[in-house]
S.K.: 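After the structure tokens below, expect a handful of questions from me.
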Amino acid sequence: MKGLRPTLAFGLPALAAVAISLGFTARNGARKVTKAPEHFSGSRVVLGMPSLLANPRLPTRVRVDVVRDGAAADFYDSPAVLDAIVRRWRETLAAAGADVRVVSPGALAGGGARVIVVPSSPCLTLATREAIEAAGARGQGLIVTGRVGTHDAGCRQLGGTGAGFGTLIALTGASRAEELSERPMVYVTIPADGPLSADIPPGARLSVAPAGQIALRRATRDAFYSEYTLGSAPSGGEPYFDAAVVRSNHRGARVVYFGFELRDVVHAPWENDVVRLLVRNAVTWAGGLPTATASSWPGGHSSAAVFAQDVETKFDEAKFAVDSLRAIGVRSSFFVISELASQNKRLTRRMLEIGEVGTHTENHKLLGGQPLATQLERLGVTRTELGKLIRSDVPGLRPPEEQFDKATMSAWVANGGTYLLGANDSRCAAPELLLVAGKKGSDTLLLVPRVFDDDFTVMTPHDWRRPSVVHSLFAADIDKSRAVGGLYVLSYHSQLLSRPEYVPVLARIARDLAADSSVWVATAGDVANWWMDRARLDIHVTRWSNGLDLMVRNGGARTVSNAQVLVTVPRGATARSASAPMIVREDGTVRIDLPPVPRGATRSVRVTLASDHLTR
């Protein structure tokens, strides 16, 4: 994703913050004075780092046939184009542990494969069409991509000029299909907690090179064409015309459709890892295999929200937010400059009463770009000073102006910190576990991301917007977060949204989110702890004659409570009962409520299945 989007959007708030920071108290002469680093966004650093995601290997070896239809090769300027498409599927499937073969259409008649992949094949021979129609009867699943079946075996377009999508419509159940409207870069976003999003962070965004991708109009979808900041970007601006990946059933076969090709996804660590998980999930669902993964958020919540204030200049104005959030009963996070906090001890301790207090460094000078030794010293100073003041641990860091680098991450972990709140270039609306250098090799740091605009961007401090406009802009971003089942961080400042004339906006947002039972409103520290604990749950599901056995082991350091597991049942079956509270969802998955799982303990749940003549 390097070079796809300038970091100026994050730099504008930073430039405004520079002017504000000039009024802060300078460090005394006993501490080192170092040259100020050049400005950059920490998101630039995150872009080059892979997030620690789940193992993308299939739970069992699966035979997958990738069809190379010679008729489809004639559609392209050169057969090498189809060969490159097929090769990317073969490599990705092999990396997932599939027993993958590239076959001609004639080899499909004998069956044998659990899943058939038909990649970007506009022109189809009769043998391929017959294999698609017979897949359900043979107990096979289908993965199809691109302009499948728009032309006959002689590469003559079906249905006349501008048509030909009959095969695709029949396979997906879409009401309409067409080439995606032209755009400089295509983004595909994957919402949380569906069968195809298992182990993929909520709102994970893929960058895809424009190549005539296909958009479907469909009420439900497993991934959609989006803006850079995860909002829906339908073809032609038409409602519901944004489906990029969908699941369906066709003549008894489970079908997964991709409107884009794997070879067109930008080749970068983040994209590569997410694509591997997406392909793994497509194979397991199409192949009818049972799967299980932890829900994104605890207690049945479908999304999460954090209120995070940078308490800096006009420190005392933080009291307006503190009073409002206390009255509403919303826990919040406050990232304070420890030098200013020491001058406002009473207010700082009041912040701790309604949530948590983290550090915004000792003096608001930039961290990223400074030598590791300097960052180690500074973060040690602020964590120690602030810990003494509030008589509590300080696990969270909010780098000034969101400028941080790998040295910042390593220095914070070395000082005992556990999470950092900062921008991740909107690549997902979920916390990320990042591998950083530690004292004894490698260590992990939890990034709580600011994905959407903060108050510097929304309020435009040099041209103040009306409170009603500010509220509507924040609300639009909250809707985006809800739509992907992700984390929304309301990042704001003591001198901006906490001002008396704007704090009613903050209070209104807090009341709305607190009243929404589907949203988990928590501190950044609570979210960080949950995400780290969730990542250490080892979940396995096995099939027995009449059901499934679910095993969950806690490999973490804390008891995990309020966790849920999403189970995809095998093809042709439905869940009848379970040994733990269970809800069967509309998409056919089953949500299991787990009892508390102590450190090192294992919990088991048995799910009884019934056969279903309608495949899901």
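Because the structure is a prediction, the values reported are computed rather than measured.
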S.K.: If you measure from CH2 on W531 to OG on S296, what distance do you get to the nearest 0.5 Å?
M.R.: 5.0 Å
S.K.: Under the 3.5 angstrom rule, does the side chain of D425 hit a backbone N or O of R44 as a donor-acceptor pair?
M.R.: no
S.K.: How long is the span from the CG atom in D533 to the CZ atom in R558, to the nearest 0.5 Å?
M.R.: 4.0 Å
S.K.: Would you confirm whether Q403, through its side chain, and G368, through its main-chain N or O, come within 3.5 Å as a donor-acceptor pair?
M.R.: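 Confirmed, Q403 side chain pairs with G368 backbone.
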S.K.: Between G355 and R331, what is the shortest heavy-atom contact and its length?
M.R.: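 What the structure gives for the nearest pair is CA-NH1, 4.0 Å.
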S.K.: Could you check whether any side-chain heavy atom of L490 comes within less than 4.5 Å of a side-chain heavy atom of F307, counting everything from C-beta outward?
M.R.: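 Yes, at least one pair of side-chain atoms sits under 4.5 Å.
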S.K.: Identify the heavy atoms of I328 and A507 that sit nearest to each other, and give their distance.
M.R.: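 Looks like CD1-O, 3.4 Å.
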S.K.: I'd like to check L537 versus V565 (side-chain heavy atoms, cut-off strictly below 4.5 Å). Are they in contact?
M.R.: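 Side chain of L537 against side chain of V565, heavy atoms only: no contact under 4.5 Å found.
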S.K.: Give the intermediate values and the outcome of side-chain hydrogen bond (donor to acceptor under 3.5 Å, both in side chains) for residues E317 and S494.
M.R.: CA-CA 6 Å; E317 292 199 348; S494 52; over 6 Å; no
S.K.: So, R591 side chain and S295 main chain: donor-acceptor pair closer than 3.5 Å or not?
M.R.: no
S.K.: For atom NZ of K406, is the number of surrounding heavy atoms from other residues, nucleotides or ligands below 6.0 Å larger than 12?
M.R.: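 Atom NZ in K406 is not packed in, count stays at 12 or less.
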S.K.: For F260 and V245, run side chain to side chain contact (heavy atoms under 4.5 Å, CB included): C-alpha distance rounded to whole Å, both residues' side-chain angles, the deciding distance at 0.1 Å, then the answer.
M.R.: CA-CA 8 Å; F260 60 95; V245 180; 3.6 Å; yes
S.K.: Would you say T382 and S338 are linked by a side-chain donor-acceptor pair, where the criterion is simply a distance under 3.5 Å?
M.R.: yes
S.K.: Ignoring hydrogens and geometry, is there a side-chain-to-backbone donor-acceptor pair from D405 to A407 under 3.5 Å?
M.R.: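 Looks like yes, one N/O pair under 3.5 Å.
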S.K.: For Y502, give me all partners under ring pair (Phe, Tyr, Trp, His ring centres under 6.0 Å), at least two apart in sequence or on another chain.
M.R.: W464
S.K.: Would you indicate whether the side-chain heavy atoms of P449 and L487 approach each other to under 4.5 Å?
M.R.: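 L487 vs P449: side chains touch.
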S.K.: For the OH atom of Y492 and the CE atom of M459, what is their distance to the nearest 0.5 Å?
M.R.: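 Nearest 0.5 Å value for the OH-CE distance: 12.0 Å.
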S.K.: When you compare the side chain of L435 with that of T444, does any pair of heavy atoms fall below 4.5 Å?
M.R.: yes
S.K.: Please check if the side chain of D455 supplies one atom and the backbone of H493 the other of a donor-acceptor pair under 3.5 Å.
M.R.: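 It does hold such a pair.
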S.K.: Of the non-hydrogen atoms in V552 and V597, which two are nearest, and what is the gap between them?
M.R.: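 Where V552 meets V597 most closely, the heavy atoms are O-CG1, 4.3 Å.
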S.K.: Under a 3.5 Å distance rule, please check whether R205 uses its side chain to pair with a backbone N or O of L230 as donor and acceptor.
M.R.: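 No, because the side chain of R205 does not come within donor-acceptor range (under 3.5 Å) of the backbone of L230.
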S.K.: Looking at every heavy atom in both R427 and V46, which two are closest together, and how far apart are they?
M.R.: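 Closest pair (atom of R427, atom of V46, distance): NH1-O, 3.1 Å.
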S.K.: Quick one: ring pair (Phe, Tyr, Trp, His ring centres under 6.0 Å) pairs with a partner in residues 320-362, sequence neighbours left out?
M.R.: H360-H364
S.K.: Checking L367 against L397 for the side chain to side chain contact (heavy atoms under 4.5 Å, CB included) test, could you report, in this order, the C-alpha distance in whole Å, the side-chain angles of both residues, the deciding distance, and whether it holds?
M.R.: CA-CA 11 Å; L367 286 168; L397 166 66; 4.2 Å; yes
S.K.: Kindly give the heavy-atom pair with the smallest separation between A192 and G485, and that separation in Å.
M.R.: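 Minimum heavy-atom contact is CB-O, 3.8 Å.
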S.K.: Just do the side-chain hydrogen bond (donor to acceptor under 3.5 Å, both in side chains) check on Y419 and N529 with the steps written out, would you?
M.R.: CA-CA 9 Å; Y419 80 87; N529 287 338; over 6 Å; no
S.K.: Quick check for you: to the nearest 0.5 Å, what is the distance between L506 atom CG and L496 atom CG?
M.R.: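 The distance works out to 12.0 Å.
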S.K.: L497 versus F474: any side-chain heavy-atom pair under 4.5 Å?
M.R.: yes
S.K.: Looking only at the side chains, is there a donor atom on one of T408 and Q375 sitting less than 3.5 Å from an acceptor on the other?
M.R.: yes
S.K.: Could you go through the side chain to side chain contact (heavy atoms under 4.5 Å, CB included) check for F315 and Q343 one step at a time?
M.R.: CA-CA 9 Å; F315 194 102; Q343 301 167 25; over 6 Å; no
S.K.: The test is side chain to side chain contact (heavy atoms under 4.5 Å, CB included); show your working for H301 and V519 and say whether it passes.
M.R.: CA-CA 5 Å; H301 296 100; V519 181; 5.7 Å; no
S.K.: So, S51 side chain and E432 main chain: donor-acceptor pair closer than 3.5 Å or not?
M.R.: no
S.K.: Are the side chains of E312 and P400 in touch, meaning some heavy atoms are under 4.5 Å apart?
M.R.: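 No. Closest side-chain heavy atoms not under 4.5 Å.
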S.K.: Check whether R183 reaches the backbone of A233 with its side chain - one donor and one acceptor, N or O, closer than 3.5 Å.
M.R.: yes
S.K.: Side chains of I200 and N281: does their closest heavy-atom pair fall under 4.5 Å?
M.R.: yes
S.K.: Check this for me: R508, atom CZ, are more than 12 non-hydrogen atoms of other residues, nucleotides or ligands nearer than 6.0 Å?
M.R.: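 No, CZ of R508 has 12 or fewer neighbouring heavy atoms, counting only those of other groups under 6.0 Å.
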S.K.: In terms of relative ring orientation, are W520 and W297 parallel, tilted or perpendicular, with 30° and 60° separating the classes?
M.R.: tilted
S.K.: About how many Å separate CZ of R536 and CG of L433, when rounded to the nearest 0.5 Å?
M.R.: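 L433 atom CG to R536 atom CZ measures 6.5 Å (nearest 0.5 Å).
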S.K.: Donor-acceptor pair, S426 side chain versus V451 backbone, under 3.5 Å?
M.R.: yes
S.K.: Do other residues, nucleotides or ligands put more than 12 heavy atoms under 6.0 Å from the CD atom of E38?
M.R.: no
S.K.: Taking the basic N atoms (NZ, or NE/NH1/NH2) and the acidic carboxylate oxygens, is any pair closer than 4.0 Å for D393 and R383?
M.R.: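 Between R383 and D393 there is a salt bridge, with a charged N closer than 4.0 Å to a carboxylate O.
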S.K.: When you measure from the centre of the six-membered ring of Y488, is the NZ or CZ of R482 closer than 6.0 Å and no more than 45° off the axis?
M.R.: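 Pair R482/Y488 does not count as cation-pi.
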S.K.: Give the intermediate values and the outcome of side-chain hydrogen bond (donor to acceptor under 3.5 Å, both in side chains) for residues S491 and R398.
M.R.: CA-CA 10 Å; S491 176; R398 175 81 165 130; 2.8 Å; yes
S.K.: For residues P399 and L420, determine if any side-chain heavy atom of one lies less than 4.5 Å from a side-chain heavy atom of the other.
M.R.: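 Yes, close enough: below the 4.5 Å cut-off.
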S.K.: Keeping the roles fixed (side chain from E356, backbone from G525), state whether a donor-acceptor pair exists under 3.5 Å.
M.R.: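 It does hold such a pair.
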S.K.: First locate atom CG of L206, then atom OG1 of T189, and finally report the distance between them rounded to the nearest 0.5 Å.
M.R.: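 It comes to 8.0 Å.
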S.K.: Counting only heavy atoms not in R599, do more than 12 fall under 6.0 Å of its CZ?
M.R.: no
S.K.: Quick check: closest heavy atoms across I190 and A223, and the distance to 0.1 Å?
M.R.: CG1-CB, 4.1 Å
